[in-house]
Amino acid sequence: MQEFRYDTQLLIEGKALDESDIYDYIAENFEGDCLIAVGDETLVKIHYHTNEPWDVVKYCASLGDIFDIVIENMERQANGLPG
């Protein structure tokens with residue numbers, strides 16, 4: 001069984017985005033691992049393994065326009081099923 005079930009990935013498009021602030025907020029407020037927040041002031045990619053993908057998505061949506069949202073169930077994938 002996976003400790004963190006959902007592989008959560010998305011892009012945030014906005015103005016004055018700060019990848020370090022976004023990284024810190026997610027790390028401090030949502031349990032998970034394998035966090036990546038990379039980009040620039042107008043586009044940031046998020047990758048995070050968590051059990052709370054909907055909360056991460058909601059937070060990111062508060063920062064700008066979100067798109068290319070992918071939430072995969074890694075537990076299903078580990079069992080040979082579609083994620």
Side-chain angles (χ1 to χ4, degrees):
M1 187 167 145
Q2 304 281 330
E3 180 178 4
F4 298 107
R5 186 177 200 167
Y6 300 102
D7 177 8
T8 307
Q9 302 175 51
L10 58 91
L11 294 170
I12 309 166
E13 186 174 49
K15 296 179 182 175
L17 298 173
D18 185 316
E19 65 189 79
S20 295
D21 288 347
I22 295 168
Y23 181 100
D24 291 343
Y25 186 90
I26 291 173
E28 292 169 10
N29 290 281
F30 308 112
E31 281 191 65
D33 64 9
C34 299
L35 175 58
I36 298 171
V38 296
D40 58 29
E41 293 128 5
T42 61
L43 186 67
V44 174
K45 177 167 178 81
I46 301 297
H47 173 269
Y48 197 40
H49 297 170
T50 183
N51 292 327
E52 308 168 286
W54 41 87
D55 293 333
V56 174
V57 170
K58 185 176 177 181
Y59 164 68
C60 292
S62 75
L63 302 175
D65 190 26
I66 58 172
F67 62 103
D68 285 346
I69 302 163
V70 176
I71 299 173
E72 296 180 321
N73 185 329
M74 296 185 297
E75 194 170 292
R76 287 179 55 86
Q77 289 175 333
N79 291 322
L81 301 169

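Values in this document were obtained by computation on a predicted structure and should not be read as measured data.
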Flag if over 12 foreign heavy atoms under 6.0 Å of CD, Glu75: yes
Mutual orientation of the aromatic rings belonging to Tyr25 and Tyr59 [parallel < 30°, tilted 30-60°, perpendicular > 60°]: parallel
Between Gln9 and Asp7, a side-chain donor and acceptor under 3.5 Å: yes
Under the side chain to side chain contact (heavy atoms under 4.5 Å, CB included) test, residues paired with Ile36 that sit two or more places apart: Val38, His47
Lys58 NZ: over 12 foreign heavy atoms closer than 6.0 Å: no
Residues Asp68, Leu10; criterion side chain to side chain contact (heavy atoms under 4.5 Å, CB included); working and verdict: CA-CA 5 Å; Asp68 285 346; Leu10 58 91; over 6 Å; no
Cluster overlap Trp54 with Phe4, hydrophobic side-chain contacts below 4.5 Å: no
Chi angles and distances behind the side chain to side chain contact (heavy atoms under 4.5 Å, CB included) call for Arg5, Met74: CA-CA 5 Å; Arg5 186 177 200 167; Met74 296 185 297; over 6 Å; no
Donor-acceptor contact present, side-chain Asp40 to main-chain Ala16, <3.5 Å: no
Stepwise side chain to side chain contact (heavy atoms under 4.5 Å, CB included) test for Leu63 and Ile22: CA-CA 9 Å; Leu63 302 175; Ile22 295 168; 3.7 Å; yes
Minimum-distance pair of heavy atoms, taken over all atoms of Ile46 and Cys60: CG1-SG, 4.1 Å
Non-hydrogen side-chain atoms of Asp24 and Ile26 separated by less than 4.5 Å: no
Residues in side chain to side chain contact (heavy atoms under 4.5 Å, CB included) contact with Tyr23, at least two apart in sequence or another chain: Ala27, Leu35, Ala37
Close side-chain approach of Val57 to Ile66, heavy-atom, < 4.5 Å: yes
Nearest-0.5 Å distance that lies between atom OG1 in Thr50 and atom CG in Asp55: 7.5 Å
Spatial distance of atom CD (Gln2) from atom CD (Gln77) [nearest 0.5 Å]: 8.5 Å
From Thr42 atom OG1 to Lys15 atom NZ, the distance as rounded to the nearest 0.5 Å: 11.0 Å
Close side-chain approach of Leu43 to Leu17, heavy-atom, < 4.5 Å: no
Heavy-atom side-chain proximity of His49 to Tyr6 below 4.5 angstrom: no
Connected via hydrophobic side-chain network under 4.5 Å: Val70 and Val56: no
Tyr48 side chain vs Gly32 backbone, donor-acceptor pair below 3.5 Å: yes
